[in-house]
Amino acid sequence: MTQVVVDPERTSQGSKALDVAGETRSEYVVQVRGTVAKRLPGTENPNMPTGAVEVIAADVEILNPSKTPPFPITDAITADEALRLKYRYLDIRRPAMRSRLELRHQVALFMRNFLSERGFIEVETPILTKSSPEGARDYLVPSRVWPGEFYALPQAPQQFKQLLMVAGLDRYFQIARCFRDEDLRGDRQPEFTQLDLEMSFVNEEDVMAVVEDLIVALIQTFTTKRIKQLPLPHIRFEDAMERYGIDRPDLRFDLPLKSLGDLALLGDFKVFHDAVKNGGMVKGLRIPGRGTATRRELDELTEFARTFGAKGLLTMQIGADGGVKSPITKFMSPADVQRIIAHMEGQPGDLIVFVADSEKVVNDVLWRMRVKMGEELGLIDPNEMALCWVVGFPMFEVIEENGKQRYHATHNPFSGVKPGHEALFETDPLKAEARQYDIVCNGYEIGGGSVRIHKAEVQRRVFQLLGLNDEQINEQFGHMLEAFEMGAPPHGGLAVGFDRLVMLLSDTENIREVMAFPKNANAQDLLMNAPSPVEREQLDELHIQVKPRPTPSPASQQS
RNA sequence: GGUCCUGUGGUGUAGCGGCCUAACAUGCCUCCCUGUCACGGAGGAGACCGCCGGUUCGAAUCCGGUCAGGACCGCCA
């Protein structure tokens, strides 16, 4: 960008440059012929990148005029996001958007070079592939050639990359588009990009080393932020759950959660007793300096806890003089209250909150409370990034589906089991540990992977435990099992959420800011106006009949 | 499917029962200025306050519904 000077004394003979320049308006496309010159003394502007020079125009031509844009094309003013998405090509003209897309490009380039130098090759895998029942909802694509049958868009290249290992590729990667038909969030889009990689003859440490080096190099290259701890700390799943209530802890600040254990049974506070009696737990969070919270502030915290499933919130305010204000004092002796405070390491002026419920509810409420407090208390240093590995995940968890309980793979059904734990499949599957590892940054899961199962009989057994019968296993995964019987090497890999990573590197809080053409919160493309109805003929060709809908789609209502 | 928040000139906001014949900034148009660079000066156009209904003597303002956008819950192996 630079400044053009149209000086009638210095334009070409007979040029209309001055008149033409006078007609130009915002966003006009112009062609200028002229001479680059140093600015006159006193007219330089050191605040601009090209403030020392200017172009002395000989001729000016308008190549294309422009309507007045629907919103100002500057970084300063933020227009409504729906408008930005509808006119995304204008939005991308804003320098901040452009620089985020450039960053995205540079990150992709860096990844390709980094992995290529280490012997990885990028292989593309199909976009039209097979529907699989596990995991997210598939996007389906009807087959014209095969009436009544469907392709699915890949949720991830998972099976293909493992088959590439069986194919002897040894080191694969791909910057891959993935599709999941689930509702959107600030950090979730129905189509998104993963850095997907897989390696043969490796253990957990080998994969983690490559990824850790890459992520650390990316942060050091593209941000000015410090990484809190290097090499990255490893946290076991159960420790993460105990201390932070979530398997993707934000380690930029401390504020650990703490279980009361048997201390919950002191006195006769029924809520605590019941939680323990019903197999649940009581856990607390110490909030420094909030001991003077008002009634209203405490109510707000309680409401926050209720939003995420807690039936209530027990608060304990410690006065500057050490005096305790808490509903629990009616049910517990002062000495017992002091034991609990000591256990929670409470200081004068602190507020301690407790949730008593099932382990799931307790952790779910308290991890959010912890993050909220970390933000509110200003404990987060914006110049720091805190990463860690989370390891030691269980193979299975129990989920409820249509009122029935069943095992569910905590990550994916191809994750390997810790050596020696296979026997637990037959005795206590919930104790079996997966060879799974997640990489977490600032409370975001930015990547996850595992050393895979590479033996057919182990894989078959896992599918069985997940509730698939032999027929389903053969129909859906027969090709995998067969491949494992034909010289499959041990292998493992990982996938990084590319958009989410670029989002963190660019210090934005919304994945849409780092995507050129994202969908809105209702999965619509406001620029192309998709999805939209299609012609009857198209559907006929695809052997598809659409059920009548009571209300027309929003897209078909727009002009 | 649910909860919450937001809809006021092109854009961003203020106003939150009567001072509103709706304010401010910016943008837009016309004219003036011409070494400016967030230029400056003068003037002007532009909004039935998302939509429908209700309460009220009176509604941008309160209530209900609806539509649109966003955040979150459910969902996301």
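Within every chain, numbering begins at 1; the chains are lettered A, B, ... in the order of the sequence lines, protein sequences first and strands thereafter. As the structure is a prediction and not an experimental result, all values here were calculated from the model. FYI, side chains are in, hydrogens and waters are out, and symmetry mates aren't considered; it's all heavy atoms of this structure.
Within residues 514-521 of chain A, the residues having any heavy atom under 4.0 Å from RNA chain B are, by residue number, A/Asn520, A/Ala521. The stretch residues 21-41 of chain A touches RNA chain B through A/Arg25, A/Arg39, A/Leu40, each having a heavy atom within less than 4.0 Å of the strand.
Applying the side chain to side chain donor-acceptor pair (under 3.5 Å) rule to A/Lys161 yields the partners A/Asp196, A/Glu198; only residues at least two apart in sequence or on another chain are considered. Partners of A/Arg435 by salt bridge (Lys or Arg N to Asp or Glu O under 4.0 Å), not counting sequence neighbours, listed by chain and number: A/Glu204. For A/Ser12, the side chain to side chain donor-acceptor pair (under 3.5 Å) test picks out A/Asp59, with sequence neighbours left out. Shown here are the salt bridge (Lys or Arg N to Asp or Glu O under 4.0 Å) partners of A/Asp364, two or more places apart in sequence or in another chain: A/Arg368. For A/Lys86, the side chain to side chain donor-acceptor pair (under 3.5 Å) criterion is met by no residue, not counting sequence neighbours.
For the salt bridge (charged side-chain N to carboxylate O under 4.0 Å, His left out) condition, the pairs that include at least one residue of residues 454-474 of chain A, sequence neighbours left out, are A/Glu426-A/Arg461. For residues 172-181 of chain A, the salt bridge (charged side-chain N to carboxylate O under 4.0 Å, His left out) pairs, not counting sequence neighbours, are A/Arg177-A/Glu191. Applying the salt bridge (charged side-chain N to carboxylate O under 4.0 Å, His left out) definition to pairs two or more places apart or across chains, none involves residues 17-26 of chain A. Sorted by first and then second residue, the pairs that involve residues 493-502 of chain A and meet salt bridge (charged side-chain N to carboxylate O under 4.0 Å, His left out), not counting sequence neighbours, are A/Arg104-A/Asp499, A/Asp187-A/Arg500.
What you find for A/Pro249 and A/Val440 is that their closest heavy atoms are O-CG1, 3.5 Å.
Atom P of B/rA59 sits at a distance of 31 Å from the matching atom of B/rG44, rounded to the whole Å.
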Every protein N/O within reach of nucleotides 44-48 of chain B N/O, cut-off under 3.5 Å:
none

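A/Phe308 places its CZ atom 15 Å from the P atom of B/rA71, with the value rounded to the nearest Å.
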